[in-house]
Amino acid sequence: MSPTDPSSAKASGSNFIRNIIDADLAANKFAPRRWSGRPGPAEQHKVSLGDTPKIRTRFPPEPNGYLHFGHAKSICLNFGLARDYGGACHLRFDDTNPEKEEQEYVDSIIDAVKWLGFDWGANLYYASNYFDWMYAFAEYLIESGNAYVDSQSAEEMRASRGTLTEPGKASPYRNRSAAENLDLFRRMKAGEFADGAHVLRARIDMASPNINLRDPAIYRIKRATHHNTGDAWCIYPMYTYAHPIEDALENITHSICTLEFEDQRPFYDWLLERLAEGGLLQRPLPQQIEFARLNLSYVVLSKRKLIQLVEEKHVDGWDDPRLPTLVGARRRGFTAEGFRRFADMIGVAKSDSWIDMSVLEGCMRDHLNETALRRIAVLDPVRLVIDNYPEDQEEMCEAPNHPQQPDWGRREIPFAKELWIEREDFTEHPPKGYFRLFPGNTVRLRYGYVVKCTGCVKDEAGNIKSVHCIYLPDTKSGTPGADSVKVKGNIHWVSAKHAYQAEVRLYDRLFSAEAPGAGGRDFIDDLNPDSKRIIAAQLEPALKEAIPEERFQFERHGYFVADRVDSRPGAPAFNRAVTLKDSWSKAR
RNA sequence: UGGGGCUUCGCCAAGUUGGUUAAGGCACCGGAUUUUGAUUCCGGCAUUCCCAGGUUCGAAUCCUGGAGCCCCAGCCA
C-alpha cells in the first residue's frame, strides 16, 4: 500500500478506531461480505465468493479545492489502517454537487495522494457513477413510505424545521401518497420543474431532538453541468443521502469521518437499514466512525480562508510554499514521509486538540536529517580574506555527503584566498559564550584550515566590508596535523571565486499568531510580514547541479529544496523548508 | 437553553471487564560524544487522571451531582 515496507510500518499505537476494528475482526463480523470486483448493490455482490481485503476504508474528498494538511491526517489514517490490517482503501471523489466541483481538483487530489505515498490500486471511484443506483434507491424509499416530495420553499422548510429547543412542524406535503410522490419525483428527474420547486425528503421524525432527523432533504433539483455526468441529471443527491450509499456500494467496513458528522450517524444508520431491509444493500453495513480533525497552530485550514489568501494574492497561488496545502508543502521541501510520521505521532482520538506547528516542522526536520545530503551555503555573505594565503593558490577540501552515512560518499570543495562567510559568524564585540570569529580568536573553516582572526575593514559608515585572518598551514582537515590545534568554533565558507550565486527563498510561517483571526480579529491582520524573504546566496559549486525537488541540508542553516517550478538546468533556485534547531540563538 | 461529543504531565496520547510504583511520543531540563552551537547517546520529567461527593480492602476506570470546551437549525460537504 505504501512505498515503505509494510512489515516495517511501525504499528502506530493503539487508538479507539483500531480497537473497534480489532473487535470487529475478532467477532468475524465481515465474514458474510461479498465483493463482485466493483461497487454495486446487494444483488451484484451476492453472487461472489467473498471479499479478500480484511477491511475497506476510503478517503472521500469533494473535488472542490486543494488538499491540505488536515486531509493528510485523514489520508494517512485511512490508507494506514488498510495497510496495517491487510485491507483496501478506496480513493473516492464525492462529487454530488455539480456547482462546486471541477476536473482540475480531481487531478490535483490524485497527485497529492500519490505523492503522500499511497496506492488505491483499482479502487478509484466517483460518487457520480452511482447516480442511477441512488435514484433507484430513492424510488424504493418513496414506495416504502420512507420519503416524500416536499413542495415548500427553502424558507418555509427552514421555518418549519423548528429550533434547537423546539420541535419542527410537519410539511403540508408530508402525507402525499406514494403514487403521487413517485410521479412527482420522476417528473423532477425528467426536468419538468424549476430548480428549488420541489425537494425529496426522508420521512423520519419532525420532532426529533436531533435536527438531522427532522426529515432531511435527500434530493434537490439543480440544473448545472456536472464534471463527470454532464447534463444527464438535473436532480442531485445530498451528501447525507449519498455518502452512506457510496460506502455501502463499495463494501466499506469502516467509514471514518470527522466529528462534525457525529450527529449525522443516526441518519446514516437509518438510511442503510431501510435499504438493507429492502434487499438493496448487503450486510454487514458499513459503520461510520468519527475522529477529531486536525487543528494546527499558526495555520488556517478552512477552505474559505485558503481561497481568500490565494484570491487576494497574499500568497503566490495554491502551491505557495507557505500555504498548508499539500502542493505547497511539497514545493516547500516537506516530505511525504514527514507527514506520515506526523500522523503517527499525533495519533487519532475524539478530543478536539491543537497541535503546534513546531511538531510538524520537527517531523520534517527529523526525516530530512536522515535523508538530505549536506552542502555548504552562505546566506548572508561577507568576505573573509586570508592574508597569508598565496594570491593565486587553490586547493580542494573534502567533505562527507552525510556525517552519519559514510557510504554516501564525499565531495570536494574548492578553497582559495578569498572566501564568503556568514556575516553573523564574525563580530568585533563577542557576547559571552560566542565562539565564532572575533579579533584574536581561532576557529576552524569547516573541512579546511584553522584560521586566526586579525580584524576587519569597514567603510565610512562603519559597515564591515571584509574580515581578515591568517591561516595555520598544518591544520587542514584530514591531514595528520588537523587536530594539533583545538578550536571550539567551526564555521562554514564558500570560495568567492568558485561560488554559485543563486536565488534562495527563506520561508517562515505565514501567520505570526498562534490562532490567526482569534478574538474577533481579521485573520488577514495576523499575516507574518516576513514569511518570505528572497536573497542571493553564495553556494558551494556542487549545488549548481541540483535537480528539482532534490533536498539538502545547508550546514548550520537548515533544509532546503531545489524549487520544482523555478529551477532551470544548471541554475536551481532553493526554498527553505525548515531551519535547524538553534540552541545558541534560543539561549540568547 | 434540545440533542450529540470531549476533558489523563507544557503539547499529543495509551489506559476502557475497578487490582502492583498511571504506557509511549514531542517539548523541556541535565550530562556524554561531536570539525554542523545540528545529529546521536544516556539520565530526569503526573502520589495523580476537569471538580465535589459516594461505593469498595482497592477507582483514571463504577455511582451521584457539578464545571468547562466543541458540534448541530444549507435544497453545502
Side-chain angles (χ1 to χ4, degrees), chain A residues 12-16 19 60-62 64 94 96-97 99-100 150 152-154 157-159 161-168 195-201 208-214 216-222 235-236 238-240 242-243 257-266 290 292 295 297 303 341 344-356 358-359 362-363 365-366 369-370 374 376 399-400 402-404 433-436 443-448 450 475 477-478 482-483 486-492 553-558 579-587:
Chain A
S12 345
S14 163
N15 64 51
F16 78 104
N19 293 347
E62 181 188 16
N64 72 342
D94 206 350
T96 57
N97 186 347
E99 286 174 345
K100 301 165 60 171
D150 195 349
Q152 295 182 104
S153 67
M157 264 182 66
R158 191 185 322 119
R161 188 156 23 234
T163 69
L164 294 177
T165 52
E166 308 157 54
D195 288 13
H198 306 281
V199 58
L200 185 70
R201 290 230 250 174
S208 173
N210 179 348
I211 291 186
N212 299 291
L213 258 24
R214 318 239 263 230
I218 60 180
Y219 259 99
R220 76 282 218 186
I221 303 172
K222 184 170 282 211
I235 57 172
Y236 291 93
M238 302 281 293
Y239 164 86
T240 5
H243 206 90
C257 61
T258 44
L259 251 28
E260 67 269 28
F261 294 102
E262 210 152 18
D263 291 341
Q264 211 77 243
R265 190 170 64 232
E290 311 82 12
N295 292 305
S297 63
K303 206 163 279 179
R341 291 183 188 190
D344 277 346
M345 186 178 285
I346 63 176
V348 48
K350 298 190 71 162
S351 51
D352 193 16
S353 53
W354 279 82
I355 308 293
D356 197 274
S358 64
V359 175
C363 289
R365 192 181 285 127
D366 228 57
N369 172 48
E370 293 166 22
R374 308 291 126 121
I376 304 296
H402 189 117
Q404 276 84 237
Y434 187 90
F435 51 67
R436 279 114 95 154
V443 305
R444 175 171 295 279
L445 295 174
R446 194 162 165 73
Y447 309 127
V450 172
T475 58
S477 293
D483 295 323
K486 291 286 180 199
V487 294
K488 189 116 169 50
N490 204 313
I491 67 171
H492 63 274
Q553 182 195 94
F554 288 178
E555 294 197 32
R556 303 214 296 139
H557 282 302
T579 60
L580 245 34
K581 263 200 230 170
D582 184 358
S583 54
W584 167 243
S585 65
K586 209 179 89 180

In whole Å, measure the gap between the [atom1] atoms of [N] and [M] for me.
N	M	atom1	value
B/U39	B/C45	C1'	23 Å
B/C72	B/U8	C1'	28 Å
B/U64	B/A59	C1'	15 Å
B/U47	B/A60	C1'	13 Å
B/C50	B/G43	P	30 Å
B/C62	B/C71	C1'	29 Å
B/U21	B/U35	P	47 Å
B/U48	B/G68	P	25 Å

Whichever of A/Asn369 and A/Asn97 has its nearest RNA chain B nucleotide further upstream toward 5':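 So the residue in question is A/Asn369.
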
Original post:
If you pin A/Ile211 and A/Gly347 to their nearest nucleotides in RNA chain B, which one's is more 5'?
Top reply: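 Closer to the 5' end of RNA chain B: A/Gly347.
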
Requested in this report: Supply the atom-to-atom distance A/Gln553 CD to A/Leu580 CG, rounded to the nearest 0.5 angstrom.
Outcome: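 Answer rounded to 0.5 Å: 5.0 Å.
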
Check your understanding: How many angstroms lie between atom CD of A/Glu62 and atom NE2 of A/His243, to the nearest 0.5 angstrom?
Key ->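 The distance works out to 11.5 Å.
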
For [N], which nucleotide is its Watson-Crick or G-U wobble mate, given both distances must be under 3.5 Å?
N	answer
B/C41	B/G31
B/C69	B/G5
B/U61	none

Using a strict 4.0 Å threshold on nitrogen-to-oxygen distance, state whether A/Arg220 and A/Glu99 make a salt bridge.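 Not counted as a salt bridge, because no side-chain N and carboxylate O are separated by less than 4.0 Å.
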
- Task: Decide yes or no on side-chain contact (heavy atoms from CB on, under 4.5 Å) for A/Arg556 and A/Ile491, but give the supporting numbers first.
- Result: CA-CA 8 Å; A/Arg556 303 214 296 139; A/Ile491 67 171; 3.6 Å; yes

When all nucleic acid strands are considered with a 4.0 Å heavy-atom cut-off, which category describes [X]: base, sugar-phosphate, or nothing?
X	answer
A/Val487	nothing
A/Glu370	nothing
A/Arg161	sugar-phosphate
A/Pro403	base
A/Lys586	sugar-phosphate
A/Tyr434	base
A/Tyr236	nothing
A/Tyr219	nothing
A/Ser351	sugar-phosphate
A/Arg365	nothing
A/Gly448	nothing
A/Asn490	base
A/Asn19	base
A/Ile346	sugar-phosphate

Q | Qualifying residues under side chain to side chain contact (heavy atoms under 4.5 Å, CB included), relative to A/Glu262, sequence neighbours excluded | A |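 Side chain to side chain contact (heavy atoms under 4.5 Å, CB included) check on A/Glu262 returns A/Leu259, A/Arg265, A/Glu290, A/Lys350.
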
**OP:** With sequence neighbours excluded, tell me which residues meet side chain to side chain contact (heavy atoms under 4.5 Å, CB included) with A/Asp352.
**Re:**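 With sequence neighbours excluded, A/Asp352 shows a side chain to side chain contact (heavy atoms under 4.5 Å, CB included) to A/Asn295, given in chain and number order.
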
Syn/anti state for B/G74 [syn: chi within 90° of 0]: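 Because its glycosidic torsion lies within 90° of 0, B/G74 adopts the syn conformation.
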
Suppose we screen for ring pair (Phe, Tyr, Trp, His ring centres under 6.0 Å). Which residues come up paired with A/Phe261, at least two apart in sequence or across chains?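 With neighbours one apart ignored, the set is A/Tyr239.
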
- With sequence neighbours excluded, residues passing side chain to side chain donor-acceptor pair (under 3.5 Å) with A/Ser297: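 If we apply the side chain to side chain donor-acceptor pair (under 3.5 Å) test to A/Ser297, skipping adjacent residues, the hits are A/Asp356.
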
* **side chain to side chain donor-acceptor pair (under 3.5 Å) involving A/Tyr219 - partner list, sequence neighbours excluded** =>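 In terms of side chain to side chain donor-acceptor pair (under 3.5 Å), with neighbours along the sequence ignored, A/Tyr219 is linked to no residue.
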
Tell me, please, the opening and closing nucleotides of RNA chain B, 5' to 3', among those with an atom under 4.0 angstrom from a non-hydrogen atom of chain A.
->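 With heavy atoms of chain A under 4.0 Å away, the range is B/U1 to B/A77.
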
